[in-house]
Each structure stands twice: as C-alpha cells, then as structure tokens.
Amino acid sequence: MEMELETEIESKKRIKEKTEEKIKEIIGSISGLNQKAAREAGEHWDKIAKPLNSLGWLEDAVVKIAGITGNPFIDIGKKAVVVFCADNGIVEEGVTQTGQEVTAVVAENFARGESCVCIMAEQAGAFVLPVDIGIKHPLSAYGTGKYPVRNCRLMPGTRNFIREPAIKRETVLKAIEAGIELVRELKEDGYRILATGEMGIGNTTTSSAVLSVLLNVKPEQVTGRGAGLSDAGLQKKLSVIRQGISLWKPDRRDAVDVLSKVGGLDLAGLTGVFLGGAIYRIPVIIDGLISGAAALIAAALSPAAKDFMLASHLSAEPAGKMVLQALGLEPIIYGNLCLGEGTGAVAVFPLLDMAAAVYGQMSTFSQIKIKEYEHLS
C-alpha cells in the first residue's frame, strides 16, 4: 500500500514537472514584432492623403497589428471576445454584494446572447466565446445557445485564500494551457483579433491581491469598490487582501506562484490567452482591471508578450492606470468604464475597423497628385 502511494505521488510530481516544462518551452518560443511589416505599415500611413499621424493611437494600433501578424496588409474582419468565467472562494469573507450563484446566471446569459458584452459584440460584428474555467455551480447546458459556453472547468471555484492557497500550482498551469489552446483554435478558425473578458463574483479582490504583489505596492493603492462596495465593505476587502498576502507570501518573481496563492482561474485562463496571442501572432485587446492583471502576469512570464497586446480603455478602478503604465501601453478610449465582461475591449473594435478601412481604402498623395506631408521633427 505504501509503495502504491509513493508511486502515485511520484507520478503526479512527474506530470506537474512535465506541464511546467511544456509551458516554459511554449513561452520560450515567443519572438518580437516583425519590424519590417510594422515599418511598411507606418510608411503607408505617411502616404495616405491626410495630415501625418492625425488618427493618433488608431494609426499606432494598425502599425502594431502589422508587426504582430507580420503583414502590412491588415485584416481584422473576423473578431472574437473570449470571456473566462470562474468563481472565487474569497467571496466567503463578504467582499462582494452578491453571491457566487450570480456567476453561473451570467454565464448562461452569455450563452443566450443576453449579456451586455453580447449585445455590444453583435453591434461590433464579433463572436462571443464564454468559457467555464471554474464556475462553482455547473451550468444547465454546455455547447448550446447563440454563444455556446466552452467547458474547460478545472475545479468548482478557487479556495478561500485566507484559509489556504487559492489554487494548486499545477491547476494554474492547466488553466494557462487552456487559454493558449483556445487562441490556437481561434486562429485556425480564421479569427484575426481577440478581445478579453471575464465574469466571476469576487474577481476584483483576487486581481487587486495579484496586482499588489506584482506591482509591489500596498493593497489600498490598487483596490477599488468593485461592483459598488460601501466604505465598510471596501475596508473588509482590503483587510482580506492584506491577510492573504501576509499568510502565503506570494513570490512576485514567480507569477505562477502569485496566481496560485491569491489569484483566480479566470486570471490564469486569460494569462494563457495573452501568451497565446504572442505565440500565434494574433493581437489581443486588454479590457479593464481583471484582464489587465492577467496581461501583467503574462508579461511577467514573458516580457515579449507585451508587444502583442492592445489596451482598450482606462479602467475606472484605481489600478487601471498603474497596470497600463507597467505594460507600457496607452488606452485608445477614456470612458470611465468598469463593467468587465470584455465590454471595454469590444467597444474598441469599431474604432479599429474604421482605422483599418482608412488605412486600406483611402487614396494616397501620389494617387491624387498632391505633394506628401513631410516629418519636420
């Protein structure tokens, strides 16, 4: 019996080590932007019959997309928003207004196309892919509806991180793998640009805990009211975050360790999406605080992954600006948004479509026989 138990432990250890090695190998394959394609895209913008750089960050976004894809001919026609749904055990500590049952309800609304992001995505011509990576209450159906929920469920929500670490390290790695794999599938299905979203009661608490560690700042600098906490509720949330960090002492030099101790499954899955964008060379748009935290985790695992991200908006959450500054990114819109679900990221799709249309369709100075503008500084 003891021999069998020892063999089982050794087997699990080997599986864990193999998964970690696989992730490291995949991340190691990430290379930088295609500078030639980016340069050609910038040169083409200069030839278009309008004042230089007059579309601002929209021009920069098109140049970056060219560098990501390695092609100065921009095609972002087929779009999707990937929405990771998961529950968080820390909700037991009273850090939210609502209970965990809401996560499952909203996930089923995604499937029916009835949530905010679904309505916005339809206007933007984007597909919605909801993913159950760890909802506490299993859904009534998977794979059905207007936007079928993908079942990637690894556990029924995370553990309460002031009682024990939130997730086993190997489960974090599996969630990251799941995100990478989804990007591969979407790329093979012809999708050319992705937005990121999430749904999970309590995930501003996990995100703030993660950001406090990764940014090496006090919790109060990165923690907001989430979905409308009172003053007392905010203080409770801060106390819980401090306690979790103090108990488990996550190593900021090891992003997987941070996720494992105080993070969430939605964050881990989204981390995989950002890494997948870099691996499969497809632009990925950051939404707000939660997907921004995942983007920062991805960048901690592979600094080159930052080159494949676009920032959509400046989140109204306190850490929104800090996250984008840490990533070296500028938001395209300032809208005081804080809904989540990927709504801010999807809101950028029409702007990018407009920019791509101007880039691809507008006449050049030479075509209309007018002298080109010159860069004077």
Side-chain angles (χ1 to χ4, degrees), residues 7-35 37 64 67-71 80 82 84 86 129 131 133-134 150 152-155 165-189 191-194 196 210 213-214 250-261 263-284 286 291-310 326-328:
T7 302
E8 184 180 348
I9 292 170
E10 286 298 317
S11 177
K12 287 181 178 179
K13 183 180 178 182
R14 283 195 297 272
I15 291 170
K16 178 181 175 181
E17 290 173 348
K18 188 176 180 181
T19 303
E20 191 130 9
E21 287 171 7
K22 181 181 177 183
I23 293 289
K24 287 180 180 178
E25 184 180 345
I26 291 171
I27 290 172
S29 70
I30 295 172
S31 58
L33 297 177
N34 185 313
Q35 297 299 331
K64 191 170 190 177
I68 289 169
T69 61
N71 191 341
V82 184
F84 275 90
L129 176 58
V131 183
I133 194 79
R150 177 72 66 88
C152 295
R153 194 166 181 263
L154 295 174
M155 57 189 289
I167 321 167
K168 289 182 179 179
R169 187 178 181 95
E170 53 263 41
T171 305
V172 171
L173 294 169
K174 286 178 183 176
I176 292 172
E177 269 193 298
I180 293 172
E181 176 62 16
L182 283 175
V183 175
R184 184 192 65 77
E185 289 182 21
L186 290 165
K187 179 73 178 287
E188 288 182 355
D189 286 343
Y191 288 92
R192 294 292 176 258
I193 188 167
L194 303 177
T196 51
V210 166
V213 177
L214 291 182
D251 183 356
R252 64 186 296 261
R253 298 164 300 179
D254 181 355
V256 174
D257 183 66
V258 179
L259 269 175
S260 174
K261 288 175 177 173
L265 290 161
D266 51 354
L267 287 173
L270 286 170
T271 297
V273 172
F274 286 112
L275 291 172
I279 293 161
Y280 297 109
R281 307 194 73 82
I282 180 169
V284 181
I286 301 168
S291 71
L296 199 62
I297 296 163
L301 293 171
S302 171
K306 290 186 289 188
D307 291 340
F308 298 82
M309 304 172 188
L310 297 170
L327 291 168

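Closest of all the heavy-atom pairs between Ile282 and Val183 is CG2-CG1, 3.6 Å. Between Ala278 and Ala305, the closest heavy-atom pair is CB-CA, 4.0 Å. Between Ala178 and Ile133, the closest heavy-atom pair is CB-CD1, 4.1 Å. Closest heavy-atom contact between Val213 and Pro250: CG2-CG, 3.6 Å. Contact between Gly264 and Leu259 at its shortest, heavy atoms only, is O-CD2, 4.0 Å. Nearest heavy-atom pair across Ile23 and Glu177 is CD1-CG, 3.4 Å.
With Ser291 as the fixed residue, the side chain to side chain contact (heavy atoms under 4.5 Å, CB included) test singles out one of Thr271, Leu296, Leu270: Leu270.
Looking only at distances, a side-chain donor or acceptor of Arg281 sits under 3.5 Å from a matching main-chain atom of Ile68. Checked by atom type and distance alone, the side chain of Asp257 pairs as donor or acceptor with a backbone atom of Asp251 at under 3.5 Å. Ser260 places a side-chain N or O within donor-acceptor distance of the main-chain N or O of Ile167, the cut-off being under 3.5 Å. Judged by distance alone, the side chain of Lys306 and the main-chain N or O of Ala298 form no donor-acceptor pair under 3.5 Å. The main-chain N or O of Ala299 is never found under 3.5 Å from a side-chain atom of Ser302 such that the two would form a donor-acceptor pair. Without hydrogens or angle criteria, Lys187 side chain to Tyr280 main chain gives a donor-acceptor distance under 3.5 Å.
Separating the CZ atom in Arg169 from the NZ atom in Lys174 is a distance of 14.0 Å, to the nearest 0.5 Å. A distance of 9.5 Å separates CG in Leu275 from OG in Ser29, rounded to the nearest 0.5 Å. Atom CD of residue Glu21 and atom CG of residue Leu173 lie 11.5 Å apart, to the nearest 0.5 angstrom. Taken to the nearest 0.5 Å, the CD1 atom of Ile176 stands 12.5 Å off from the CZ atom of Phe274. Rounded to the nearest 0.5 angstrom, Leu194 CG and Leu129 CG are separated by 9.5 Å.
Here Lys24 pairs with nothing under the side chain to side chain donor-acceptor pair (under 3.5 Å) rule; sequence neighbours left out.
By the 4.0 Å N-to-carboxylate-O rule, Arg150 lies too far from Glu181 to be salt-bridged with it. Glu188 has a carboxylate O that lies under 4.0 Å from a charged side-chain N of Arg184, or vice versa, which qualifies the two as a salt bridge.
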What's the verdict on side chain to side chain contact (heavy atoms under 4.5 Å, CB included) for Ile297 and Val210, showing C-alpha distance, side-chain angles and the deciding distance?
-> CA-CA 9 Å; Ile297 296 163; Val210 166; 3.9 Å; yes
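Put simply, the side chain of Leu182 reaches to within 4.5 Å of the side chain of Phe84, judged on heavy atoms. Side-chain contact between Met309 and Val284 is absent, with no heavy-atom pair separated by less than 4.5 Å. Residues Val82 and Leu186 meet the side-chain proximity criterion, which asks for heavy atoms closer than 4.5 Å. Under the 4.5 Å side-chain criterion, counting only non-hydrogen atoms from C-beta, Leu265 is in contact with Thr171. The shortest distance between side-chain heavy atoms of Met155 and Lys168 does not fall below 4.5 Å.
Counting non-hydrogen atoms of other residues, nucleotides and ligands closer than 6.0 Å to CD of Glu25 gives a total of 12 or fewer.
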